[in-house]
Number of protein chains: 2
Amino acid sequence: MRILVVEDNHATAANLGDYLALFDHHVDFAYNGQAAIQLLDESRFDLIILDIMMPVMNGLTACHAIRAGYHADIPIIFLTARDTLEDKLAGFKAGADDYLVKPFELQELHARVQALEARNQRRLSPQLRYGALVYDVGTDAVTVNDETLLLDPTQKRIVQLLIKKAPKLVGNQDIAYEIWKEDEPEETSALRTQIYRLRKALPEGMLITERGKGYRLNAD
Amino acid sequence: MRILVVEDNHATAANLGDYLALFDHHVDFAYNGQAAIQLLDESRFDLIILDIMMPVMNGLTACHAIRAGYHADIPIIFLTARDTLEDKLAGFKAGADDYLVKPFELQELHARVQALEARNQRRLSPQLRYGALVYDVGTDAVTVNDETLLLDPTQKRIVQLLIKKAPKLVGNQDIAYEIWKEDEPEETSALRTQIYRLRKALPEGMLITERGKGYRLNAD
DNA sequence: AGCTTGGTGACATAACTGTGACATTGTTCA
DNA sequence: TGAACAATGTCACAGTTATGTCACCAAGCT
């Protein structure tokens with residue numbers, strides 16, 4: 001998972017990052033809300049850990065802004081010393097998924113991170129489907145109206161991504177990152193080719209291009 | 001929402017139920033894990049609030065069973081007096097979405113219930129709307145009365161702007177700045193053209209010119 | 001070797017967008 | 001009232017960029 005830690009205390013942030021890195025998470029940092037929001041525009045994250053008291057833009061405001069923006073569905077965990085009921089309610093009201101009070105056990109944080117991750121995975125456990133398009137996780141087969149499509153592994157992974165988000169569009173960057181783990185937005189020719197092949201395999205009109213943004217599925 | 005409260009102490013359960021009912025939730029009760037699982041087979045729930053220490057089948061076991069079963073994706077909140085780190089980790093490991101330690105504030109429970117509800121809602125794309133005009137952020141589509149309009153990216157961005165401000169008018173300068181990041185107010189020909197194209201796509205009379213000022217939407 | 005997979009790079013195609021010329025509408029003021 | 005002017009509408013056109021298409025090559029597997 002790609003995690004964004006937003007915390008103005010560098011030592012605390014580094015500490016957190018080190019711990020999360022142990023579990024094979026890729027961690028980036030922002031030291032105030034403003035910076036966090038900018039980072040979100042540049043790259044893709046699976047989770048945000050957010051301090052509340054920060055200079056420039058505090059966590060609550062940042063949370064609001066994120067929920068109002070393009071990446072509104074990213075899970076957000078508040079991590080703060082403010083422990084009154086009012087603080088917690090304000091946090092949830094701002095759109096938090098979880099609220100953890102400092103001092104806390106790193107292991108509990110990790111457990112809560114995993115819980116959010118699990119929640120996003122769970123709904124795709126038996127099958128992924130969007131309209132007539134079905135991705136069977138068990139057999140790793142893709143079918144349309146019970147007819148099996150012959151897809152290469154990479155194409156299957158792209159389909160999986162698209163179905164997970166459908167009918168939302170998936171950014172070119174997001175696909176590139178998920179498939180090739182490339183942060184750098186360069187080299188789109190491989191993606192173009194894969195999309196081309198995938199489109200040929202799918203029913204006509206199902207894979208739609210949003211120029212300049214990405215691709216999305218269409219159920220018709 | 002339909003909520004299942006699983007708690008062997010009848011008084012506590014009733015108390016909880018009364019509180020949640022205040023927020024227009026439909027609450028059912030089970031007094032041990034076994035009974036809860038049976039209930040799940042009979043009817044549909046949106047959320048489970050689960051005590052850990054119970055006779056017949058404790059909460060952890062019940063949680064495991066639920067996650068393994070047919071209703072694997074129901075959000076589960078543990079509610080328990082067991083407050084050690086080990087207990088919490090065990091709870092999350094069993095598949096909990098959240099873990100709240102007794103004694104707790106009813107309002108915090110409600111906030112966490114709402115957070116889980118919100119997370120499920122958020123899967124749907126957020127939308128900006130004004131009257132029949134809807135901009136879907138997730139799919140990046142603009143619709144009027146559920147009919148999709150074919151708009152170019154720049155036009156979509158202008159629609160977004162207009163909807164956000166609607167029914168107020170948006171100054172020419174403001175649009176120019178938002179779309180082209182131009183401080184200089186010159187060069188309105190591009191804007192004129194974009195507005196022209198946008199107006200052709202929208203229902204007649206929806207995009208109104210305020211001469212010398214800017215443009216605004218009209219719902220009719 | 002033969003097969004599968006997947007990336008590269010060249011080129012074609014399509015989409016998007018600003019420009020500039022001109023038309024139209026509205027406003028001001030003598 | 002009617003120039004004269006300003007703002008906006010209309011539209012063909014061309015430059016730019018993103019995407020589609022495809023032949024080919026490299027790497028890995030059987």
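Naming: A, B, ... by sequence-line order, numbering from 1 per chain.
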Can you tell me how far [atom2] of [N] sits from [atom1] of [X], to the nearest Å?
| X | N | atom1 | atom2 | value |
| --- | --- | --- | --- | --- |
| B/Leu169 | D/dT8 | CG | P | 11 Å |
| A/Leu191 | C/dG7 | CG | C1' | 12 Å |
| B/Ile158 | C/dT17 | CD1 | P | 9 Å |
| B/Ile175 | C/dT17 | CD1 | P | 15 Å |
| B/Ile208 | D/dG9 | CD1 | C1' | 16 Å |

**Prompt:** With B/Asp136, which residues qualify under side chain to side chain donor-acceptor pair (under 3.5 Å), at least two apart?
**Reply:** B/Ser125, B/Gln127, B/Thr139
**Prompt:** When you check the side-chain N and O atoms of B/Asp140 and B/Tyr135, is any donor under 3.5 Å from an acceptor?
**Reply:** yes
**Prompt:** If you measure only the distance, is there a donor-acceptor pair under 3.5 Å linking the side chains of A/Thr209 and A/Arg199?
**Reply:** yes
Below 4.0 angstrom, N of the basic side chain to O of the carboxylate: do [X] and [Y] qualify?
| X | Y | result |
| --- | --- | --- |
| A/Glu178 | A/Arg157 | no |
| B/Asp174 | B/Lys165 | no |
| B/Asp146 | B/Arg129 | no |

**Message:** Below 4.0 angstrom, which residues in residues 192-200 of chain B have at least one non-hydrogen atom near DNA chain D?
**Reply:** B/Arg192, B/Thr193, B/Tyr196, B/Arg197, B/Arg199
**Fill in**
Under a 4.0 Å heavy-atom cutoff, the residues of residues 148-157 of chain B touching DNA chain C are B/Asp152, B/Pro153, B/Thr154
**Item:** Phosphate OP1/OP2 of D/dA7: any B/Asn172 side-chain N/O under 4.0 Å
**Value:** no
**Asked** Does A/Trp180 place a side-chain N or O at less than 4.0 Å from the phosphate oxygens OP1/OP2 of C/dG7?
**Response** yes
**Prompt:** Can you tell me if NZ on A/Lys102 sees more than 12 non-hydrogen neighbours from other groups inside 6.0 Å?
**Reply:** yes
**Asked** Checking only heavy atoms, does the side chain of B/Arg211 share a donor-acceptor pair with the base of C/dT27 at less than 3.5 Å?
**Response** no
**Message:** Please pick, from D/dG9, C/dG18, C/dT8, the nucleotide with the shortest atom-to-atom distance to any side-chain atom of A/Ser189.
**Reply:** C/dT8
**Asked** Do A/Leu79 and A/Thr12 touch side chain to side chain, with heavy atoms closer than 4.5 Å?
**Response** no
**Item:** Any donor-acceptor pair under 3.5 Å from B/Asn58 side chain to B/Leu60 backbone
**Value:** yes
